[in-house]
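Here the structure is a predicted model, which means the values were calculated and not measured.
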There are 2 protein chains.
Amino acid sequence: MSDSTIYEVARLAGVSIATVSRALRGTGPVSAATREKVRRAVEELRFTPSRLGVSLAEGRHAANGIVFPDLSGPYFGEVLLGYEEVAADLGRSVLILSTRDRAGVPETVKDLATRVDGLVVFGQTLPDALLTELADSGLPMVMLARDAHPGTEAVRSENAGAAEALTVHLIAHGHRTFALAGGHDEGDVSQRWTAVARTLGHHGITAPRPVECPYTVDGGYEAGLGLLKSGPDVVVCADDQVALGVILAAEELGLRVPDDVAVTGWDDIMAARHSRPALTTVRQPLRELGAAAARLLDELIAGAEPSDTTRVLATDLVIRSSCGAHQVHPPEEP
Amino acid sequence: MSDSTIYEVARLAGVSIATVSRALRGTGPVSAATREKVRRAVEELRFTPSRLGVSLAEGRHAANGIVFPDLSGPYFGEVLLGYEEVAADLGRSVLILSTRDRAGVPETVKDLATRVDGLVVFGQTLPDALLTELADSGLPMVMLARDAHPGTEAVRSENAGAAEALTVHLIAHGHRTFALAGGHDEGDVSQRWTAVARTLGHHGITAPRPVECPYTVDGGYEAGLGLLKSGPDVVVCADDQVALGVILAAEELGLRVPDDVAVTGWDDIMAARHSRPALTTVRQPLRELGAAAARLLDELIAGAEPSDTTRVLATDLVIRSSCGAHQVHPPEEP
DNA sequence: TTGTACGCGTTATCAT
DNA sequence: ATGATAACGCGTACAA
């Protein structure tokens, strides 16, 4: 509260503020005796340097921000976890901003931008014009789960290859009629749908339009109720939560998964392993995503020039039982 | 980046910095003509007031922090969501700190404390001595999911009453042999176990010792494998994730839920509704918890004296199917 | 209505 | 080894 200042410490220790600063930061020569006097004064006064003062003098916040759409569901939490951990290791605090269905996001983001040395932004949370404005202002920025915006760096995980592998696998299972659940934005998901459609095309199958829905179990359930009426062989879902919802919808309709309809997810959240049937999905390194973003941002803050480059983290196709019998066509050999 | 300062704006507009400040904040009389000149200069220079300068002058950060143990699982994410939303509404940024199994937490928390006007701390994340030190320093603090620490305010949700109601319900179902899964700390969970034990005692049943385990599905699974071997009628779990794990363990052991063994959770996370069998649990208003903490903290920051008081939010017993047949003894009438 | 000048709490440069 | 002092960027009494 009524924190003491470096001046009070200096007076009590009988030295100048410069000496106090040096003694505390070890940034210059200080005699042992003086150091001890300062130490005692600091202790007595419970002195803690004001962050504002330090930052103003240092010209940096030692903090960085992250903007994400939401925090319900495991996805963003896991990524945030990895981000915060690395940021903390690098001695930087983390400010968060959830955009949800909130009003006044641009203003809030700009405010956030004034409080940090750099910003990580999830794909699809901010309009491109705003991204440009921020990047142009010279703020170090890293995009997450989408390709780089001009003036930024980006990290995402591999989508197209995994989507193709998944699709090929499903076709090998004998599935021919596909349904796609979980709308398409311009980030990760659209890359997946594009690759799925392309792969289906190679096999003479016309890809259906993805059915948009919130990336939640409930969203998947609602979408599933509609989708399943047309009797697809398999429902490829934008993420695991949607897939879990589709499975519930299938049950509701008296369909057995995977016997009557196969279902696949994306992300490999914990529930994917535990659901029945266990979910065939694509594993994304969620924490690593956040961690990589934190490291990239740190490099930018340290002075690296933004390369408009997208770093792509590897994903793994995880075959479980929700996609159908494995005996038809075994997955490709190593 | 190379942001312009209020001095440059003042020079370009041909006025003093005081006028610029007044014009921008509407904090004093400014002629329309001057205001327009300032507006133009601001626009041309893309001027944005430095947060550091503003905070230093205003003597406040307009930001508050929150300390939680983890972010995996739905619990903390939901609470954080409610917290951040209200904080943003109040014009305050949010800094997060996850303690996980991290080293150097006390130092990091103290650093965090220098960057905020107030702090919300989840129960069991920080040692009491540190809480005392922070509170004594005059930092406004709100405890979450535990009772108030001296010098703070607290919000938690009701535990004992719900635990009693749950226990009574289970006894009415004919369950006599209880098992408790999910270790006891000194926050929410211990209050629940205490109430369960007391209620069981009233019915002549000796409460077992809770089996400690991480609050995760995997933790519940592991604990369940051990617990279930003694053949309890019901496993009361510390939270829904643990309960989901116990159900998996039961399956693994060839036990049917709830026919062979009943299982209950706590929190009413989304997966509780969707699991099979659907989870009997206690609904906690997670977002409200975070929102209430944000509001309380705001009052403290505004000058309210900490009352060492704990605000208790209502919970609801949610009867689904995992606790056993309802026909044996119907739940108490309204 | 507008401007001057001081305070906010540091760090760091330059003397000494 | 130590001290005086200039930044850093802003808000705001106080004066005009």
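Within 6.0 Å of CD in B:E58 there are more than 12 heavy atoms belonging to other residues, nucleotides or ligands.
Across every non-hydrogen atom of A:V94 and A:A87, the tightest pair is CG2-CB, 3.5 Å. The shortest non-hydrogen separation linking B:S98 to A:L81 is OG-CD1, 4.1 Å.
A sub-4.0 Å separation between OP1 or OP2 of C:dG3 and a side-chain N or O of B:S16 is present. A sub-4.0 Å separation between OP1 or OP2 of D:dG11 and a side-chain N or O of B:T27 is absent. Contact annotation: A:S21 reaches the phosphate of C:dT11 (side-chain N/O to OP1 or OP2, under 4.0 Å). Between B:T19 and C:dG3, a side-chain N or O to OP1/OP2 separation shorter than 4.0 Å is present.
In this structure, the CD1 atom of A:I17 is 14 Å from the P atom of C:dT13, given to the nearest Å. Rounded to whole angstrom, the span from the CG atom of A:L52 across to the C1' atom of D:dC8 amounts to 12 Å. Between the CD atom of A:E58 and the P atom of D:dA6 there is a distance of 22 Å, given to the nearest Å. If you measure from atom CZ of A:R35 to atom P of D:dT2, you get 9 Å, rounded to the nearest angstrom. If you measure from atom CG of A:L56 to atom C1' of D:dA7, you get 9 Å, rounded to the nearest angstrom. In this structure, B:K37 atom NZ and C:dT1 atom P are separated by 14 Å, rounded to whole Å. The distance from atom CZ of B:R60 to atom C1' of D:dG11 is 13 Å, rounded to the nearest whole Å. For the pair A:L24 CG and C:dA12 C1', the interatomic distance rounds to 15 Å; values are reported in whole Å.
If you check C:dT13, D:dG9, C:dG3 against the side chain of A:A18, the one that comes closest is C:dT13. Candidate nucleotides C:dT11, D:dG3, C:dT2 were compared by shortest atom distance to the side chain of A:R25, and C:dT11 ranks first. With distances taken from any side-chain atom of B:T34 to the nucleotides C:dT1, D:dT2, D:dG9, the minimum falls on C:dT1.
Toward the 5' end of DNA chain C, the nearer of the two residues B:A32 and A:Y7, judged by each one's closest nucleotide, is B:A32. DNA chain C is contacted by both A:I6 and B:G28; B:G28 maps to the nucleotide lying nearer its 5′ end (nearest heavy atom per residue).
Using a 4.0 Å heavy-atom cutoff across all strands shown, B:R22 reaches at least one base atom of the nucleic acid. Nucleic acid contact class of A:S31 (heavy atoms, under 4.0 Å, all strands): sugar-phosphate only. If you check every strand for non-hydrogen atoms under 4.0 Å, A:T114 touches nothing. At the heavy-atom level, B:P49 lies under 4.0 Å from the strands shown only through sugar-phosphate atoms. Across all strands, B:S55 comes closer than 4.0 Å to no nucleic acid atom at all (heavy-atom distances).
Taking the salt bridge (Lys or Arg N to Asp or Glu O under 4.0 Å) definition, one finds that A:E36 meets it with A:R39, A:R40, sequence neighbours left out.
A salt bridge is absent between B:R100 and A:D89: the closest approach of a Lys/Arg side-chain nitrogen to an acidic carboxylate oxygen does not fall below 4.0 angstrom. A:D70 and B:R287 are not joined by a salt bridge, as no carboxylate oxygen comes within less than 4.0 angstrom of a charged side-chain nitrogen.
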